Amino acid sequence: MTRADPFTAGRIAGTTDNSRIITNTAAPDALEVALTDDVLVVHGGTPLEGRIRVRGAKNLVSKAMVAALLGDSPSRLFDVPRIRDVEVVRGLLGLHGVKVTDGAETGELVFDPANVESASTDQINVHAGSSRIPILFCGPLLHRLGHAFIPDLGGCHIGPRPIDFHLQALREFGATVDKTPEGLHLSAPNGLHGTKFALPYPSVGATEQVLLTAVMAEGVTELRNAAVEPEIIDLICILQKMGAIIKVHTDRVIEIQGVPKLHGYTHRPIPDRIEAASWAAAALATRGDVEVLGAQQADMMTFLNIFRSVGGEYEVTDARPPKLGDPGQEGGIRFWHPGGELNAVALETDVHPGFMTDWQQPLVVALTQARGLSIVHETVYEQRLGYTEALNTMGANIQVYRDCLGGTPCRFGRRNFKHSAVIAGPSKLHAADLVIPDLRAGFSHLIAALAAEGTSRVYGVDLINRGYEDFEAKLADLGAHVERP
Ligand code: EPU
């Protein structure tokens with residue numbers, strides 16, 4: 001059977017009982033991606049047990065691929081996961097004349113930017129709506145070609161996700177931006193020049209936009225209120241390897257000295273800390289025991305503190321390189337449910353070094369199993385709690401509020417967004433038919449189905465392939481009882 005692509009697929013067709021499918025009213029577009037042949041049948045109630053591996057972070061790898069456009073010689077990136085976002089960026093690079101080939105090692109990609117060229121808007125628009133990464137092509141294409149066309153962006157439905165900071169930054173560098181119904185046309189008739197600029201909020205994408213533009217802009221750029229997520233620091237490492245001069249100060253200030261040319265890089269990216277935390281949450285919610293090879297303690301400290309407060313156990317294994325008589329060992333973190341009851345916690349999502357917004361949805365499923373009232377204040381995205389509705393239909397007891405239930409200053413309290421949740425537990429989850437609304441909420445639906453008693457049908461699971469490599473094979477490795485009908 002050919003599995004339909006959720007990015008191009010139409011609305012549910014031919015379901016026998018659509019009324020039983022739980023949709024997420026916060027993301028009604030989810031209906032567009034749910035198809036009868038894109039369904040995973042999950043027989044829940046079995047603890048996940050075993051060992052899986054995470055590779056390069058989705059939210060670094062895709063940006064590292066864009067950075068390859070800036071070099072005047074080939075770049076080599078290792079540990080690239082087979083996920084949809086990588087395919088989209090690979091396609092866009094190819095359209096712009098970057099030759100992308102598989103290297104000798106599994107997950108190794110080689111980018112040759114010797115013949116960067118313009119692509120037609122029609123060709124580029126094939127990728128419209130499929131990912132948010134295309135916006136990061138602006139700076140590199142302006143440097144290489146003097147102009148850029150960016151299609152309509154995609155990404156998850158977790159709020160309006162404006163790009164105003166990106167466009168403001170690009171204009172500060174001297175770019176002109178023309179918004180048209182088909183997408184954004186940009187040019188830099190007088191070149192790009194360093195600038196002093198403060199972000200209204202430490203946006204990850206806008207910080208990356210500034211970095212990818214400033215490294216080859218003439219003069220010095222000073223970015224204040226920058227995001228400093230580990231993925232950004234890793235991108236800075238890549239750019240530094242390419243010949244960039246970047247200083248990261250302690251107060252969210254990044255200073256970039258523009259250079260006239262950059263060369264290719266060779267880089268092994270940081271592992272995916274969102275995927276690692278997702279499997280950790282799955283272990284806790286199913287009362288299981290999962291070792292995540294590749295998971296790194298330093299990038300997950302905030303998650304690990306909450307995981308321990310909830311009552312989960314973990315053990316960090318440091319990597320040891322092989323040497324004579326010792327095969328060495330791959331580092332990772334083993335996460336498990338120690339038995340007994342879990343504890344309720346209060347947490348607020350925040351920019352790094354806070355609790356990541358992308359850790360929130362998977363962990364909330366585990367919080368439905370904790371005794372007492374847990375509180376979650378989502379301060380990064382205004383609409384990232386809609387998925388709780390589906391959990392309630394499965395037996396969870398989650399109330400969402402417009403108030404800020406926490407002390408972290410937040411942009412949403414006065415703007416009428418339901419961005420705080422109170423989770424009363426423990427609740428016995430029962431099986432249901434679910435439609436996946438977005439990537440991380442989708443994984444949380446999957447965890448809920450795995451934790452619930454009975455057989456659930458999870459529609460639109462292909463969306464999970466956007467950010468979780470081989471998740472079905474990993475589920476099988478962990479002993480989950482799942483099947484494609
Ligand atoms: N924002 C604006 N204007 C802008 C840019 C951002 O108002 O021009 C706002 C957003 O609406 C949001 C906040 O700033 O409320 C933070 O957005 P940010 O720019 O930091 O997010 P992003 O770069 O679009 C990346 C990740 C997200 C992750 C966030 C926060 C990628 C491809 N995506 O998004 O990851 O949640 O940073 O850490 O790197 C995911 O992997 O599932 C995912 C959504």
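Quick caveat: nothing in here was measured; it's all calculated off a predicted structure.
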Can you sort out the partners of [X] under salt bridge (Lys or Arg N to Asp or Glu O under 4.0 Å), two or more places apart, ordered by chain and number?
X	result
Lys474	Glu275
Glu229	none
Glu341	Arg371

Could you pull out all residues at least two apart from [X] that satisfy side-chain contact (heavy atoms from CB on, under 4.5 Å)?
X	value
Arg53	Leu293, Glu330
Gln240	none
Ala57	Leu60, Glu231, Ile270, Asp272
His43	Val41, Thr455, His481, Glu483

Report task. Could you pull out the closest heavy-atom pair between Met394 and Ala432, with the gap in Å? Result -> CG-CB, 3.8 Å

Query raised in the report: If you look only at pairs with a residue in residues 303-315, which of them pass as a side-chain hydrogen bond (donor to acceptor under 3.5 Å, both in side chains), with sequence neighbours excluded?
Result: Arg308-Tyr314

Query raised in the report: Using the ring of each side chain (for Trp, its six-membered ring), is His445 parallel, tilted or perpendicular to Tyr387, with breaks at 30° and 60°?
Result: tilted

Tell me, please, which residues at least two apart from [X] pass ring-ring contact (aromatic ring centres under 6.0 Å, His included).
X	result
Tyr265	none
Tyr468	Phe443
His377	His419

Report summary line: Applied to residues 201-211, the salt bridge (charged side-chain N to carboxylate O under 4.0 Å, His left out) test, sequence neighbours excluded, yields Lys63-Glu208

**Report entry** Electrostatic pair Arg466-Asp438, nearest N-O below 4.0 angstrom
**Finding:** no

